[in-house]
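All remarks here apply to the structure that follows.
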Amino acid sequence: RVPVTVASAERRAVPWQIIRDGLAGAAPEAIVRHLPSIVLRFFAETGAVLLAVNGVDPGPAIRSLAVQEQVSAVAAIPEVRAWVGERLRSLTTFGDLVIEGRDIGTVVFPEAVFKFYLDADPDERSRRRYREQQNLAEDRTDPAEVKRALLRRDACDQSRSTAPLVMARGAYRIETTHMTIEEVAAKILTIIQGLPPHRPPKAVKQDGFKPFVYHMSRVFFLCYLRVFHRYATHGRENVPNIGGCILVSNHASFLDPIA
């Protein structure tokens, strides 16, 4: 089973803690200085990657209207986005993941194999958020206010200079207005199962593999082979730009690799 995590929860963790620490509405510089005091801890439980902020489980409060009012302004701070993005990338230690978030496919994991852009009519989105917030005693607000807050956040996220809200390249757009959660999940699985088997992206940093070291070593040995062994490559025009291919070396010696 692939663990699931909600990146928007990690994005909301910072404004949630800032509100608790009495810094709501503080200047960006003050928020950046406060980041070292915020500790995010991730742990796997019941098929999901969960989050604790300074040792506390935020629970449903992380999606309260108070947090929603702060999240776009805080998330627009470049240092905050970089800080949270770095911690999101650390989640790869849990293995394969399903991650939801507004910039996951564009900024955090642009090389993700499968990307989906879930959209819905603003009225339906506000109804869903309103039902979600009814579980919070302090959020007894009306649907109209929920919709206004949601649209304000959309406008802020789409217009910010750092990592604006856009559809990721190569993502599949799914219109969910008239779909249930189960129908959306089934649609995603249908798309994935209908695609050819994928291979891990070239030079992905995983299992201790370091792409920078690999590329530097490759450049060094290419230069060495060309200078001292008159190494040359022929027929590169026959290698397709996309799709799979097989490269076979005759290996006249162990010093004759595919470079």
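Start at 1 with the first residue, then count along the sequence. These numbers were taken from a predicted model, which means no experiment stands behind them. Heavy atoms only: backbone and side chains are in, while hydrogens, waters and symmetry mates are out.
Not counting sequence neighbours, K187 has no partner by the salt bridge (Lys or Arg N to Asp or Glu O under 4.0 Å) test. R129 meets the salt bridge (Lys or Arg N to Asp or Glu O under 4.0 Å) test with E132; sequence neighbours excluded. Residues satisfying the salt bridge (Lys or Arg N to Asp or Glu O under 4.0 Å) criterion with E175, sequence neighbours excluded, are R173. By the side chain to side chain donor-acceptor pair (under 3.5 Å) test, Y117 is found to be paired with no residue, residues two or more places apart in sequence or in another chain being considered. Not counting sequence neighbours, R89 has no partner by the salt bridge (Lys or Arg N to Asp or Glu O under 4.0 Å) test. Qualifying side chain to side chain donor-acceptor pair (under 3.5 Å) partners for E69, counting only residues two or more places apart in sequence or in other chains: R152.
For the pair A171 and M167, the tightest heavy-atom approach, listed with the atom from each and the gap, is O-CE, 3.1 Å. The two atoms that bring S72 and C156 nearest to each other are CB-SG, 3.6 Å, heavy atoms only. Residues I31 and I77 approach most closely at CD1-CD1, 4.0 Å, considering heavy atoms. Of all heavy-atom pairs between S90 and T93, the closest is O-OG1, 3.0 Å. Nearest heavy-atom pair, R125 versus A120, reported as atom, atom and distance to 0.1 Å: CD-O, 3.3 Å. When every heavy atom of F42 is checked against every heavy atom of L91, the shortest pair comes out as CG-CD2, 3.5 Å.
Judged purely by atom type and a 3.5 angstrom limit, K115 has no side-chain atom pairing as donor or acceptor with the backbone of F109. Counting only distance, with no hydrogens or angles, the side chain of D21 and the backbone of L23 share no donor-acceptor pair below 3.5 Å. A distance-only check finds no donor-acceptor pair linking the side chain of Q193 to the backbone of T190 [under 3.5 Å].
Using a 4.5 Å cut-off on side-chain heavy atoms (C-beta onward), V71 and W16 make no contact. The closest side-chain heavy-atom distance from R20 to V56 is below 4.5 Å. In this structure, F116 and V184 have side chains that are not in contact, with every pair of non-hydrogen atoms separated by 4.5 Å or more. Counting heavy atoms from C-beta on, the side chains of L50 and D57 never come closer than 4.5 Å. Looking at heavy atoms from C-beta onward, Y130 lies out of side-chain contact with L150 at the 4.5 angstrom threshold. Using a 4.5 Å cut-off on side-chain heavy atoms (C-beta onward), S37 and H34 make contact. Side chains of I174 and M179 form a contact here, defined as non-hydrogen atoms less than 4.5 Å apart.
Under a 4.0 Å N-O distance rule, the pair R153/D157 qualifies as a salt bridge. The pair K147-D154 does not meet the salt-bridge criterion, since no charged nitrogen lies less than 4.0 angstrom from a carboxylate oxygen. Electrostatic pairing of D103 and R81 counts as a salt bridge here, judged by a charged N lying under 4.0 Å from a carboxylate O.
Between Y224 and F220, the two ring planes are parallel [angle under 30°; tilted spans 30° to 60°].
Using a 3.5 Å distance cut-off with no hydrogens or angles, the side chains of T176 and R128 do pair a donor with an acceptor.
Applying the 6.0 Å contact sphere to CZ of F43 captures more than 12 heavy atoms from other residues, nucleotides or ligands. Other residues, nucleotides and ligands place more than 12 heavy atoms under 6.0 Å from the CG atom of L189.
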Hey, mind stepping through I18 and Q70 against side chain to side chain contact (heavy atoms under 4.5 Å, CB included) and telling me if it holds?
CA-CA 9 Å; I18 284 174; Q70 294 285 325; 5.6 Å; no
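In the hydrophobic clustering of ILVMFWY residues, with side-chain heavy atoms under 4.5 Å counting as a link, I188 and V113 come out together. Hydrophobic clustering (ILVMFWY, side-chain heavy atoms < 4.5 Å, transitive): I104 and V166 are in distinct clusters. L118 and Y172 fall within the same hydrophobic cluster, where Ile, Leu, Val, Met, Phe, Trp and Tyr residues are linked whenever their side-chain heavy atoms come under 4.5 Å apart, directly or through other members. No continuous path of hydrophobic side-chain contacts links L222 to V219 [ILVMFWY only; heavy atoms under 4.5 Å]. Two different hydrophobic clusters hold V39 and V80 under the rule that ILVMFWY side chains link at heavy-atom gaps under 4.5 Å.
Taking CG of L165 as the start and OG of S159 as the end, the distance is 10.0 Å to the nearest 0.5 Å. In this structure, CD on Q158 lies 7.5 Å from CZ on R102, to the nearest 0.5 angstrom. From M216, atom CE reaches atom CZ of F221 across 12.0 Å, with rounding to the nearest 0.5 Å.
When V84, V67, L51 are each tested for a side chain to side chain contact (heavy atoms under 4.5 Å, CB included) with R12, only one passes: V67.
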